[in-house]
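Just so it is clear, the model here is predicted, and its values are computed rather than measured.
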Amino acid sequence: MKRYEALASDIEASIRNGTLKTGDRLPSVRHTGSSRGVSASTVFQAYYLLEARGLVRARDRSGYYVAGGGLRDAPPETTLTSRPAEGPRALEVSDQVFDILEASMSRQVVPFGSAFPSPLLFPLARLGQFMAASAKSLDPWRTVDDLTPGSAALRRQIALRYLADGLPVPAEEIVVTNGALEALNLCLSAVTRPGDAVIVESPTFYAALQALERMGLRAIEVPTHPGEGIDLDALAQAIAAHQPTACWLMTTFQNPLGSLMPDAKKKALVELLARHELPLIEDDVYAELYFGERRPPPAKAFDTQGLVLHCSSFSKSLAPGYRIGWASAGRFARKVARQKLTTTLSTSVPAQLALADYLEKGGFDKHLRKLRQTLAMQQATFAQAVGHYFPAGTRATRPLGGYFLWVELPPQVNALEIHRLALERGISVAPGPIFSATRAFANCLRLNYGHAWDAHSEQALQTLGRLVADAA
């Protein structure tokens, strides 16, 4: 346990045993730091964690106070590693995924099943100013310069962010794409051929399954832990038994579980794949949404062979709707660029230039700090509400970032039926079977806490809990 976590744990225990009561002021940062022998930043991190858990609230120019009504318990954590069927399998998942997603695409529906956080969390008006300026002053030759790899200015800004995290990625290796999904699909097509087998997590992001299905590839589902990600022993066995061509994994805040592979495990993963010359397509779109002290390094940070094709975007962290992503594809960068050239050719030039200007002006990190704090607080409130409104036997993950909870319902509950009943009441959920090649996880839901928590959303979650309780 880190120092700030130990401090937060001690304060939480004092709140729960009544030593600190609702409305009590926490000791000042200076006093706590002095008495515990820790830095002010450690105290702030502890108070921030308690705030994220809904136990304390900050008051302007006054300090931190014990919050009222924030002591409901979250459900027990989901801790069991999945057990998917062994071996490669052909896929038929797209129709079900499309049916479920299309039914949820309405502003009137409570978006617990959405794949996106609230658009109100992003500085879209500020970005619009940069977009207008970039379009107004656009040099006509910029529309053809760096046509396929993308704006040199934006690739430089992305490379600088890699460098800040200790990854010396050259800008020439980066290909700008129409969102991360295009980057992932380009990388997949660059390293596979129809009929190949690709390793995925279990459960996995449904778009990965759809991509494999569309390209005529087979999926090998590997057991995955809800806290620490894919099982490396099972992965090694799958590689030996089935000779896959590539892996598509999310090592940081995996969708739908929210799992985060520890740094040492990421390193071991990369070393294992390197021994087999096996490319890793790393989907890393949520890494900026961490709740701890630092951004978790991607698996690419441990890559010395150029086998990790790292994909990300600004859609989840800054600019939803702008559809700006990228791939840093290592030894496969040229193949990915050629795939881009023969498919969509280019990505919106004004949007690229607007984001490059925004990143250069230094507003991104300030925005991210606010976004992370908001999501952390909403997770705590949402998890506590699930614990309060859902029946006994419910379990849920507690991710250290992102905006999804993976909720395991009592065994007899049918998540697809809950989806249908909830939608009739104007509530969307993402049922577990769409995250599996075999339609497993029949009693699981992925719930989105990335939208504002208010009386309307709490009433919707209460209704959802009642539906689950009636089915249990």
Side-chain angles (χ1 to χ4, degrees), residues 77-84 113-117 180-181 183-184 187-188 198-212 219-232 234-235 238 246-270 273 280-292 295-302 308-313 315-317 375 379 383 395-408 430 432-437 440-441 444-450:
E77 286 197 58
T78 301
T79 58
L80 295 178
T81 299
S82 62
R83 296 181 178 179
S114 172
F116 306 99
L181 194 54
L184 292 159
C187 290
L188 186 63
V198 177
I199 283 177
V200 297
E201 294 139 315
S202 175
T204 192
F205 179 35
Y206 51 74
L209 300 175
Q210 290 176 295
L212 299 184
I220 303 172
E221 294 182 300
V222 174
T224 303
H225 186 274
E228 297 191 352
I230 197 165
D231 183 319
L232 294 187
L235 174 60
C247 299
W248 177 328
L249 306 177
M250 300 180 74
T251 65
T252 300
F253 312 136
Q254 191 253 16
N255 178 1
L257 292 174
S259 58
L260 172 63
M261 291 185 71
D263 294 355
K265 190 172 180 180
K266 288 179 182 177
K267 184 174 185 292
L269 165 69
V270 172
L273 299 183
L280 168 60
I281 301 168
E282 183 178 19
D283 183 352
D284 198 28
V285 295
Y286 304 106
E288 293 284 14
L289 307 181
Y290 59 89
F291 302 156
R295 183 187 191 276
K300 188 173 181 66
F302 307 101
V308 178
L309 299 87
H310 183 257
C311 302
S312 192
S313 83
S315 296
K316 308 298 193 298
S317 60
L375 291 176
Q379 185 202 94
R395 307 181 77 88
T397 55
R398 289 300 299 271
L400 300 175
Y403 50 89
F404 295 126
L405 290 185
W406 181 250
V407 181
E408 181 183 330
I434 68 173
F435 301 96
S436 166
F441 309 104
C444 295
L445 301 173
R446 186 198 70 185
L447 299 180
N448 182 327
Y449 58 80

| query | Under 30°, 30 to 60°, or over 60°: which ring-plane class applies to Y206 and F435, parallel, tilted or perpendicular? | reply |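 Y206 and F435: tilted rings.
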| said: Once you measure the plane-to-plane angle for F291 and Y449, does it fall in the parallel (<30°), tilted (30-60°) or perpendicular (>60°) bin? | reply: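 Because their plane-to-plane angle lies in the 30° to 60° range, the rings of F291 and Y449 count as tilted.
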I'd like to know if the side chain of [X] and the backbone of [Y] have a donor-acceptor N/O pair within less than 3.5 Å.
X    : Y    : result
K316 : V285 : no
T224 : S202 : yes
Q254 : P203 : yes
N448 : F116 : yes
E221 : I199 : no
E282 : A299 : yes
Q379 : P399 : yes
H225 : T79  : yes

Atom [atom1] of [X] and atom [atom2] of [Y]: how far apart are they, to the nearest 0.5 Å?
X    : Y    : atom1 : atom2 : result
S114 : L447 : OG    : CG    : 12.0 Å
D283 : L184 : CG    : CG    : 4.5 Å
I220 : E201 : CD1   : CD    : 13.5 Å
I281 : L188 : CD1   : CG    : 4.5 Å
L280 : T251 : CG    : OG1   : 7.5 Å
L257 : I230 : CG    : CD1   : 11.0 Å

| task | Indicate yes or no: does R295 engage D284 in a salt bridge with an N to O separation below 4.0 Å. | result |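 Judged by the 4.0 Å cut-off on N to carboxylate O distance, R295 and D284 do form a salt bridge.
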| query | Could you go step by step and tell me if C247 and L273 meet the side chain to side chain contact (heavy atoms under 4.5 Å, CB included) rule? | reply | CA-CA 9 Å; C247 299; L273 299 183; 3.9 Å; yes
Do the side chains of [Y] and [X] get nearer than 4.5 Å, heavy atoms only?
X    : Y    : value
W406 : C444 : yes
T78  : V407 : no
L375 : L289 : yes
D263 : P297 : yes

Nearest heavy-atom pair of [X] and [Y]: which atoms, and what distance?
X    : Y    : value
V222 : A238 : CG2-CB, 4.1 Å
A234 : P223 : CB-CD, 3.7 Å
V308 : K300 : O-NZ, 3.2 Å
C187 : C311 : SG-SG, 3.6 Å

| field | Pair E77, T397: side-chain N/O donor-acceptor within cut-off below 3.5 Å | value |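 Side chains of E77 and T397: no pair found under 3.5 Å.
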| message | With no hydrogens and no angle check, just 3.5 Å: does a side-chain donor-acceptor pair link K266 and T252? | response |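 Yes.
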| Centroid-centroid distance, W248 to F205, less than 6.0 Å |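 Judged by ring-centre distance (under 6.0 Å), W248 and F205 do not meet the cut-off.
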| query | Does the separation of the ring centres of Y286 and Y403 fall below 6.0 angstrom? | reply |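 Yes, they do, as the ring centres are separated by less than 6.0 Å.
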| request: Report the C-alpha separation of L269 and L235 in whole Å, then their side-chain angles, then the decisive distance to 0.1 Å, and conclude whether the side chain to side chain contact (heavy atoms under 4.5 Å, CB included) test is met. | output: CA-CA 9 Å; L269 165 69; L235 174 60; 3.4 Å; yes
| Check against side chain to side chain contact (heavy atoms under 4.5 Å, CB included), F253 and F404 | CA-CA 9 Å; F253 312 136; F404 295 126; over 6 Å; no
| query | When you look at NZ of K265, are more than 12 heavy atoms from neighbouring residues, nucleotides or ligands closer to it than 6.0 Å? | reply |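 Atom NZ in K265 is packed in, count exceeds 12.
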